[in-house]
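One structure below.
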Amino acid sequence: MTNRLWKQLTCWAWIAIAVPVCAQQPKLYTTRTPGFDIPYTLNAATDTITLYISTNLGKRWTVVAQHDAQQTLFRFEAPRDGEYWFCSRLNQPTQNGRPVVPTDLQPELRIYVDTKQPGIDLQTSLTTAGEVVISCQVTDVTVMANQVAAEIQPAPGLPWHPFPLSGPPKQTAKAVVQLDGRWQPPPESRVAMVRIKALDGAGNLSIAERRIFFPPSTLRRPQSYVPLANPYTRPLPHQGAIRWPADTGPPQVGDAPAPAPRANVEEAPVAEAQENSVTAAKPIVNGPAIDAVVHHVNRSRFKLEYSLTTPARDTQQVQLWATEDGGQTWGLWGTDQDRQSPLDVEIQRDGLIGFVTLIGDQDTGNKNQPTSGTNADIWVHVDRVKPMLRLGDVQRSVEAGFPEILIKWEATDDNFSGRPIRLRYSQSQQGPWTEISNSVPNAGFYRWRLDPNATGNWFIQVEAVDRAGNRISAVAAEPLQ
């Protein structure tokens, strides 16, 4: 006699999610079908079997059904996507006509229902050199990096080929796969198609396609063109540092004074020390004016537009000068030999950088270089660091005389705006999400007033977004009832 529910599961065409599980837990299966049968076998005609279910990872169990030996399976219909735990017991006593729920139930079968196709956010661009650049994020709760592929069709009717990626698709977050790449089309190409295929662990398939049109080859930059890269090669301020010998005790966080407010500017490089002397770094005295616009970006490459007041044929070169210390010192970032806007700029580290474009020729050379105090044409703040976020208590309350949910969190970032927090809710831990508010001050708490007639369960999501677009989110582990 047996009541092990997984006995016949080997014949089910399910794919296991690649996530670690505890040794005491059974394997986790996934299915894209919300309705499925759970078979069982009873050897005694007088036996009964009770099926229990938990939708919150074993914290609470309820009865699904109770059958006798005349039946051979349970039919289950999942109300929504998510992980379901099942357990069975033989000949359970009843109370008020319902089987008793034991307090020591452990999962015998774990099934994740995933009916949604992976989401594909495909961004394509065409550089002035004629390269096709793609950046793609695939989001799905059961997404697997090895099941995501990028393809290119060089021309209509030609076979599809793998798109050259900078590396294999990477799992950058629990439910996010990132892939990037670039492809140089042949000179005769006029149109190509980019395609992303994503298959999740439950067998849901998504396909996204983008058509790329190419300008005539006479208007493209030469293939040898490379972006203007950061010429500063000094190491980072902390590179190669070791701990101060006197700092042998634990850090006294509580006793440390709060740092004074300061601009989000990377420290200026310290001048090389002369023999037997020390040269101190000068303080930053300049920087963006109060009314200056600072462009915040979260990527290492971007384009700078410029225009020439003189004909391009009379210009020897376009020079790009940059400052990393607020305008105190300037360095030649690079030159744009083809004199065609825009300039492709690549930066190796985060910080606030000011740029000035100047025209150089054989007569002036670098005589027109900017001096200390020169105002930048444009300020760019490169910030690729995600905020820090921790979700606190999420509680339902009626203390104010009406139902409300008190949401608490802790979020920190050096580049927050005045309202960097977004709040959403859903009846599923995987969404879809509905806005509570998309612009909340980082006060650490929010009172969400509910409709007195509202019923159901809610998952709460808190998201923190900085000025550069870096974002991080957290979802309450349990729904509010």
Side-chain angles (χ1 to χ4, degrees), residues 1-116 141-142 201-203 394 396 426-430 455-459 475-481:
M1 178 172 60
T2 177
N3 65 327
R4 296 300 181 186
L5 298 179
W6 62 86
K7 182 177 180 181
Q8 300 183 28
L9 288 180
T10 54
C11 65
W12 293 14
W14 288 357
I15 303 174
I17 296 181
V19 298
V21 296
C22 298
Q24 301 88 342
Q25 293 181 342
K27 181 184 294 186
L28 178 64
Y29 294 88
T30 60
T31 177
R32 62 176 182 270
T33 305
F36 49 86
D37 296 330
I38 302 177
Y40 62 88
T41 300
L42 296 179
N43 295 332
T46 58
D47 282 341
T48 60
I49 181 172
T50 305
L51 180 67
Y52 300 93
I53 186 174
S54 175
T55 58
N56 56 5
L57 306 182
K59 296 179 181 178
R60 185 168 66 92
W61 292 86
T62 57
V63 176
V64 177
Q66 187 178 65
H67 289 172
D68 55 29
Q70 296 179 353
Q71 298 168 290
T72 59
L73 56 85
F74 289 100
R75 178 66 181 176
F76 180 74
E77 295 285 342
R80 59 180 180 268
D81 286 9
E83 185 172 342
Y84 296 88
W85 288 10
F86 297 94
C87 181
S88 66
R89 288 291 176 89
L90 290 177
N91 305 320
Q92 283 294 102
T94 61
Q95 184 177 6
N96 299 326
R98 296 283 293 174
V100 174
V101 180
T103 59
D104 60 344
L105 294 178
Q106 295 295 325
E108 298 174 348
L109 173 65
R110 300 164 61 223
I111 299 179
Y112 198 102
V113 178
D114 179 11
T115 63
K116 298 180 177 61
V141 69
T142 63
V394 180
R396 185 163 181 166
S426 174
Q427 291 187 337
S428 169
Q429 199 169 12
Q430 290 76 44
T455 59
N457 300 336
W458 297 282
F459 286 93
V475 179
E478 297 185 24
L480 292 171
Q481 301 179 353

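Note that these values count all heavy atoms, side chains included, but never hydrogens, waters or copies made by symmetry. Everything numeric here is computed off the predicted structure, so don't read it as measured data.
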| request: Measure the shortest side-chain to side-chain distance between W61 and P102 over non-hydrogen atoms and say whether it is less than 4.5 angstrom. | output: no
| request: Would you mind reporting whether T115 and R32 have side-chain heavy atoms less than 4.5 Å apart? | output: no
| Aromatic ring proximity F86/F74, centre distance under 6.0 Å | no
| request: Determine, stepwise, if the pair Y40 / S88 fulfils side chain to side chain contact (heavy atoms under 4.5 Å, CB included). | output: CA-CA 10 Å; Y40 62 88; S88 66; over 6 Å; no
| note | Minimal heavy-atom distance between S54 and K59, with the atoms involved, is OG-N, 3.9 Å
| said: Tell me whether the count of non-hydrogen atoms from other residues, nucleotides or ligands lying under 6.0 Å of CD in E77 goes above 12. | reply: yes
| Shortest non-hydrogen contact between A69 and A44, atoms and distance | CB-O, 3.6 Å
| said: Determine whether a donor-acceptor pair (N or O, by modelled atom type, separation under 3.5 Å) exists between the side chain of D68 and the backbone of Q70. | reply: yes
| field | Reference residue W85; test side chain to side chain contact (heavy atoms under 4.5 Å, CB included); the match among I111, I53, L57 | value | L57
| message | I'd like to know if the side chain of S426 reaches the main chain of S428, judged simply by a donor and an acceptor atom lying under 3.5 Å from each other, with no hydrogens or angles considered. | response | yes
| Separation between CG of L73 and CD1 of I38, rounded to the nearest 0.5 Å | 9.5 Å
| field | Sequence neighbours excluded, every pair satisfying salt bridge (Lys or Arg N to Asp or Glu O under 4.0 Å) that has a member inside residues 91-103 | value | none
| message | Heavy-atom count check: over 12 atoms from other residues, nucleotides or ligands less than 6.0 Å from N96 CG? | response | no
| said: Return the CD1 to CZ distance between I49 and R89, rounded to the nearest 0.5 Å. | reply: 11.5 Å
| Side-chain contact, heavy-atom cut-off 4.5 Å: V101 with T62? | no
| message | Could you measure the distance from the CD atom of E83 to the OG1 atom of T30? Nearest 0.5 Å is fine. | response | 11.0 Å
| remark: Of all heavy-atom pairs linking V113 and A78, the shortest is CG2-CB, 3.9 Å
| Note, V141 side chain near Y112 side chain (heavy atom, < 4.5 Å) | yes
| note | Heavy-atom nearest pair, P39 first then D37, reads CD-O, 3.6 Å
| said: Q430 vs K116, test: side chain to side chain contact (heavy atoms under 4.5 Å, CB included). Steps then yes/no. | reply: CA-CA 10 Å; Q430 290 76 44; K116 298 180 177 61; 5.6 Å; no
| Side-chain donor/acceptor of Y29 to backbone N/O of L109, under 3.5 Å | no
| request: Identify the two heavy atoms, one from P26 and one from R110, that lie closest to each other, and give their separation to 0.1 Å. | output: O-NH1, 2.9 Å
| field | Atom of Q66, atom of Q92 and distance for their closest heavy-atom approach | value | NE2-O, 3.7 Å
| message | If only side-chain N and O atoms count, and only distance matters, is there a donor-acceptor pair under 3.5 Å linking T41 with N43? | response | no
| query | Quick one: are T55 and Y84 in side-chain contact, heavy atoms under 4.5 Å? | reply | yes
